[in-house]
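Could you have a look at this structure, given as structure tokens, before my questions?
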Amino acid sequence: MLERIQHANDIKNLDKEELPVLAQEIREFLIETVSKTGGHLASNLGVVELTMAMHLVFDLPKDKMIWDVGHQSYTHKILSGRKEGFESLREYGGMSGFPKRKESDCDAFATGHSSTSISAGLGYVKARDLQGEDYSVISVIGDGSLTGGMAFEALNNASQLNTNFIVVLNDNHMSISENVGGLSKYLAKIRTGDLYNGFKKGVTTTLEKIPKVGDSLIEQLRRTKSSIKQLIVPGMFFEDMGITYLGPVKGHDIAALCRVFREARKINGPVLIHVLTKKGKGYAPAEEHPGKFHGISPFDIETGEVSAKKKKDTYTDVFGKVMCAEAQENPNITAITAAMEDGTGLSRFHSMFPERFFDVGIAEEHAVTFAAGLAAGGMRPVVAVYSSFLQRAYDQIIHDVALQNLPVILAVDRAGLVGSDGETHQGIFDLSFLSSIPNMTVMSPKHKWELADMLRFALRFEGPIAIRYPRGAACDLCEEFREPIVYGKSEMIYEEKDIALISMGHMFEEALKVRENLKEAGYNCTLVNGRFAKPVDEERIAELSRTHKLIAVLEENVKSGGYGMHVLECCERRNLNCHILPIALPDNYVEHGSVDVLRAETGIDAQSVTEKILKVYKEI
């Protein structure tokens, strides 16, 4: 069946008896492909039939499908004619693991962060109506993403519509970690609401038997806002908002899904279709461990195990261990995550200190202000969050934390280039936006021991402080270089003259290679570990300027507003006689690909940096 899917809408040419075969082939293809490339598997296996039904009922690219987050869009990509692209999934220059408008006209909206699809869909609906066009808009959102405040803002706005807008709630009980909070409990009530569904079916069957008036009575019941749902299901949250609720619908029943989509298209207003799916459907290891298979490296299909490699500590591991050790000594330390308990290394903390662990769901803005409240109340809150997702809480960091100078620790994981997840997930802006905030201190460790020291320092610091560290194995070089941390002070590693390198955070390993290259070329080279991106160690820079012609500043952050620009500003303001060369990422979005490839492509790998330094040094 897969060979017959070459273009969008080809699925409509299949007989209904062939659809289950296609679903099975898609699952086999996804498991086989992701086992080699890595990627998001469990979420994609869970929406195979849902995606097929949408492609059967709607016409692409005329109709607009908007996928919240977008990591569950693999089946959509297959059905829109991109099966061959999976050979280069998430590789540099290859197919993205997320929807991308420039990749296909069938991708109506580029996504990567959660809770955005309803807002984007509502914008499409208004554009459609204002321009007098005729197409369907379908926003697909998971029950995890629905915990994000932005989704509720959009639902509130959408409830005023008097034109068709379809929201599909993909309810699989999961975000990345298991869902938490009141909405999850509410949806659980609806999932198990057999009483209501049985009663509704019985009433409909009975009314259909009444001659002449039965059908009109059924239609009247459907149109009545205060319907029998109010009597059976507590709250009926969506109906009370003015949004027609259809469901729950079995998410792996293609015929049932097609019927409800056709019905939804007829409704002159916003409609929410509640679909029940199983994350990891069709592959036992993913069904049993959906969190593990949410985003996974290449694995063995038979066992479901990732290729065995000698595991080095990651920065996330180090963070989690130190958090637990410190919390045993200090009862005021609390940990907060936004639906990323495993990803941020807080699982063990949760087990050891359940009363001091808070998973607030996909709600980064709330997480930061909640932490501010904890700090104001005398606690020591640590917000563990990916750099890319921290962007969503920028206002809360400024207004609720830094303005009040509260001791909130931001543990900024996945800082810098993260690789295969691409533009929406690269953590390349945090040094710039955090350094712009008054009262904020920003640190970044060169190796795993320094991360441990920085976290201990931060937990005793009186004021807002951020520690940014990358994804993956922690640097375990140069353990001997571990001077005590002094506020605002950098660390001298090798002291010479002529050329100085100041590395920020995990660019330390690249800086060591650059220094080695320069030494082999016959040049003297000093190496300094920056440690503090804010405040900048101005006295160290002044000292270096007296004995060096060139200071190169290395960071894995965009150049604009980055550490290098602050060093440059310091030199200009103090009229220091030294040439400053900021080495940073271009002020642009960085595509998906391995970190090594991306560093080379963006000119911040050791070889490129060495060439830039020598070129400038010879010209000054």
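FYI, side chains are in, hydrogens and waters are out, and symmetry mates aren't considered; it's all heavy atoms of this structure.
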Exercise for the section: Evaluate ring-ring contact (aromatic ring centres under 6.0 Å, His included) for F293 paired with H40, printing each intermediate quantity in order. Expected result: CA-CA 7 Å; F293 283 88; H40 293 94; over 10 Å; no

Exercise for the section: Identify the two heavy atoms, one from F86 and one from I78, that lie closest to each other, and give their separation to 0.1 Å. Expected result: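 Looking at all heavy atoms of both residues, the shortest contact is CE1-CG1, 3.5 Å.
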
Practice task
With sequence neighbours excluded, tell me which residues meet salt bridge (Lys or Arg N to Asp or Glu O under 4.0 Å) with D105.
Solution key: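 Expected list: none.
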
Exercise for the section: Might you point out which heavy atoms bring L146 and A151 nearest each other, and give the distance in Å? Expected result: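 Distance-wise, the nearest heavy atoms are CD1-CB, 4.0 Å.
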
Exercise for the section: Kindly indicate whether the side chain of M52, heavy atoms from C-beta on, has any atom under 4.5 Å from the side chain of I11. Expected result: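 M52 vs I11: side chains touch.
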
Practice task
With rounding to the nearest 0.5 Å, note down the distance linking CG in L30 to OG in S35.
Solution key: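 It is 10.5 Å, given to the nearest 0.5 Å.
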
Exercise for the section: Verify ring-ring contact (aromatic ring centres under 6.0 Å, His included) between Y386 and H425, making sure each step is shown before the conclusion. Expected result: CA-CA 9 Å; Y386 290 4; H425 285 60; 8.0 Å; no

Problem - Carboxylate-amine/guanidinium contact R471 D413, below 4.0 Å - result: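 No.
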
Practice task
Indicate whether the side chain of H55 and that of H76 have a donor and an acceptor atom separated by less than 3.5 Å.
Solution key: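 Side-chain D/A pair, H55 to H76: present.
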
Handout entry: Whether H252 side chain and K278 backbone form a donor-acceptor pair below 3.5 Å
Key =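 Present.
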
Handout entry: Short side-chain to backbone donor-acceptor contact, S432 and S560, under 3.5 Å
Key =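 Yes: the side chain of S432 pairs with the backbone of S560.
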
Practice task
Go through the steps to decide whether V168 and F261 satisfy the test side chain to side chain contact (heavy atoms under 4.5 Å, CB included), and finish with yes or no.
Solution key: CA-CA 9 Å; V168 177; F261 285 136; 3.6 Å; yes

Problem - Minimum heavy-atom distance V401-P464, with the two atoms named - result: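 Looks like CG1-CB, 3.6 Å.
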
Exercise for the section: Report the distance from atom NE2 of H447 to atom OH of Y315, rounding to the nearest 0.5 Å. Expected result: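 If we round to the nearest 0.5 Å, H447:NE2 and Y315:OH are 8.5 Å apart.
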
Exercise for the section: Would you indicate whether the side-chain heavy atoms of L89 and Y74 approach each other to under 4.5 Å? Expected result: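 When only atoms from C-beta onward are counted, L89 and Y74 do touch, with a gap below 4.5 Å.
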
Exercise for the section: May I ask you to check whether H113 and F389 place their ring centers less than 6.0 Å from one another? Expected result: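 Yes, they do, as the ring centres are separated by less than 6.0 Å.
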
Problem - Test salt bridge (charged side-chain N to carboxylate O under 4.0 Å, His left out) applied to K446 and E509, step by step - result: CA-CA 8 Å; K446 68 180 180 295; E509 290 182 80; over 6 Å; no

Handout entry: side chain to side chain contact (heavy atoms under 4.5 Å, CB included) between L410 and I397, worked out
Key = CA-CA 9 Å; L410 301 175; I397 298 170; 4.0 Å; yes

Exercise for the section: Tell me, please, whether F353 has R356 positioned over its six-membered ring: NZ or CZ under 6.0 Å from the ring centre and within 45 degrees of its axis? Expected result: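 Cation-pi check for R356 and F353: passes.
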
Exercise for the section: Look at the side chain of N44 and the backbone N and O of S73, then say whether any donor-acceptor pair between them is shorter than 3.5 Å. Expected result: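 Between the backbone of S73 and the side chain of N44 there is a qualifying donor-acceptor contact (under 3.5 Å).
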
Problem - N-O pairing of E103 and K77 below 4.0 Å - result: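 Result for this pair is yes, salt bridge flagged.
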
Problem - E341 and R348 ion-paired at < 4.0 Å - result: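 So E341 does not pair with R348 through a salt bridge.
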
Problem - Stepwise side chain to side chain contact (heavy atoms under 4.5 Å, CB included) test for L417 and I428 - result: CA-CA 7 Å; L417 297 169; I428 60 176; 4.0 Å; yes

Practice task
Would you confirm whether Q391, through its side chain, and S388, through its main-chain N or O, come within 3.5 Å as a donor-acceptor pair?
Solution key: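 Yes, the answer is positive, given that a donor and an acceptor are paired below the 3.5 Å cut-off.
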
Problem - For E84, all residues meeting side-chain contact (heavy atoms from CB on, under 4.5 Å), sequence neighbours excluded - result: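 Residues passing side-chain contact (heavy atoms from CB on, under 4.5 Å) with E84: E87.
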
Exercise for the section: Report the C-alpha distance between E364 and V385 in whole Å, list the side-chain angles of each, state the deciding distance to 0.1 Å, and finish with yes or no for side chain to side chain contact (heavy atoms under 4.5 Å, CB included). Expected result: CA-CA 8 Å; E364 291 83 4; V385 61; 4.2 Å; yes

Problem - Salt bridge K281-E287, side-chain N to carboxylate O under 4.0 Å - result: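 E287 and K281: not salt-bridged.
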
Problem - Donor-acceptor pair, side chain of S43 and main chain of H294, under 3.5 angstrom - result: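 Not at all, since once roles are kept as given, no pair shorter than 3.5 Å links the two residues.
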
Problem - Interatomic distance, L585 atom CG to Q426 atom CD [nearest 0.5 angstrom] - result: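 Those atoms lie 8.5 Å apart.
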
Problem - Atom of A458, atom of I465 and distance for their closest heavy-atom approach - result: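 Where A458 meets I465 most closely, the heavy atoms are CB-CG2, 3.7 Å.
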
Practice task
Determine whether the side chains of T337 and D359 contain a donor N or O and an acceptor N or O closer than 3.5 Å.
Solution key: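 The criterion, which ignores hydrogens and geometry beyond distance, is not satisfied for D359 and T337.
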
Handout entry: For T602 against P586, the heavy-atom pair lying closest together
Key =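 Taking every non-hydrogen atom into account, CB-CD, 3.9 Å.
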
Problem - Separation of I254 CD1 from M54 CE (nearest 0.5 Å) - result: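 Nearest 0.5 Å value for the CE-CD1 distance: 13.5 Å.
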
Practice task
Just say parallel, tilted or perpendicular for the rings of F370 and F358, cut-offs at 30° and 60°.
Solution key: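 Geometry flag for F358 against F370: perpendicular rings.
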
Handout entry: Approximate separation, where rounding is to 0.5 Å, of R456 CZ and L459 CG
Key =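 Atom-to-atom, R456:CZ and L459:CG are 9.5 Å apart.
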
Problem - More than 12 heavy atoms from other groups under 6.0 Å of NZ on K292 - result: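 More than 12 heavy atoms, drawn from other residues, nucleotides or ligands, come within 6.0 Å of this atom.
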
Exercise for the section: For E302, look at atom CD and say whether over 12 heavy atoms of other residues, nucleotides or ligands are found less than 6.0 Å away. Expected result: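 No - once you tally the heavy atoms of other residues, nucleotides and ligands closer than 6.0 Å, there are 12 at most.
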
Exercise for the section: Mind running salt bridge (charged side-chain N to carboxylate O under 4.0 Å, His left out) on K83 and E25 for me, showing each step along the way? Expected result: CA-CA 12 Å; K83 174 175 170 284; E25 288 185 7; over 6 Å; no

Problem - Heavy-atom side-chain proximity of M340 to L346 below 4.5 angstrom - result: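 No - every pair of side-chain heavy atoms lies 4.5 Å or more apart.
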
Exercise for the section: Kindly say whether V47 contributes a backbone atom to a donor-acceptor pair with the side chain of T51 at under 3.5 angstrom? Expected result: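 Yes, the answer is positive, given that a donor and an acceptor are paired below the 3.5 Å cut-off.
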
Problem - Candidate list K102, R82, K64, test side-chain hydrogen bond (donor to acceptor under 3.5 Å, both in side chains), partner D107, passing option - result: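 Looking at K102, R82, K64, the match for D107 under the side-chain hydrogen bond (donor to acceptor under 3.5 Å, both in side chains) is R82.
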
Practice task
Give a yes or no answer on whether the side chain of N170 reaches the backbone of L276 with a donor-acceptor pair at less than 3.5 Å.
Solution key: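 Between the backbone of L276 and the side chain of N170 there is no qualifying donor-acceptor contact (under 3.5 Å).
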
Handout entry: Contacts of R599 that satisfy salt bridge (Lys or Arg N to Asp or Glu O under 4.0 Å) - sequence neighbours left out
Key =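 Result, salt bridge (Lys or Arg N to Asp or Glu O under 4.0 Å) vs R599: E510, E556.
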
Problem - Backbone N/O of D143 and side chain of T147: donor-acceptor pair under 3.5 Å - result: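 No; judged by distance alone, with no hydrogens or angles, the pair does not exist.
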
Practice task
State, with a plain yes or no, whether a side-chain heavy atom of L22 is found less than 4.5 Å away from one of L79.
Solution key: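 A side-chain contact under 4.5 Å exists here.
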
Exercise for the section: Could you tell me how the ring of F357 sits relative to the ring of H350: parallel (under 30°), tilted (30 to 60°) or perpendicular (over 60°)? Expected result: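 Parallel, since the angle between the ring planes stays under 30°.
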
Problem - Under 3.5 Å donor-acceptor, E555 side chain and Y563 backbone - result: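 Pair found, side chain donor or acceptor close to backbone of Y563.
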
Exercise for the section: Would you give the length of the straight line joining atom CE of M352 to atom SG of C324, rounded to the nearest 0.5 angstrom? Expected result: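 The distance works out to 5.0 Å.
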
Exercise for the section: Compare every heavy atom of E91 with every heavy atom of H592, then report the nearest pair and how far apart it is. Expected result: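 It is CD2-O, 3.0 Å.
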
Handout entry: Pair E32 + K36: basic N to acidic O under 4.0 Å
Key =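 Judged by the 4.0 Å cut-off on N to carboxylate O distance, E32 and K36 do form a salt bridge.
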
Problem - Pair K321 + D313, salt bridge at N-O below 4.0 Å - result: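 Looking at K321 and D313, the cut-off is met.
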
Exercise for the section: For the pair T111 and D68, evaluate side chain to side chain donor-acceptor pair (under 3.5 Å) and give the outcome as yes or no after the intermediate values. Expected result: CA-CA 7 Å; T111 50; D68 203 273; over 6 Å; no

Practice task
State plainly whether the residues E591 and R90 are in salt-bridge range, i.e. N to O under 4.0 Å.
Solution key: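 Looking at E591 and R90, the cut-off is not met.
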
Practice task
Please answer whether the main-chain N or O of G85 pairs with a side-chain N or O of S88 as donor and acceptor at a distance below 3.5 Å.
Solution key: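 Here the side-chain-to-backbone pair exists.
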
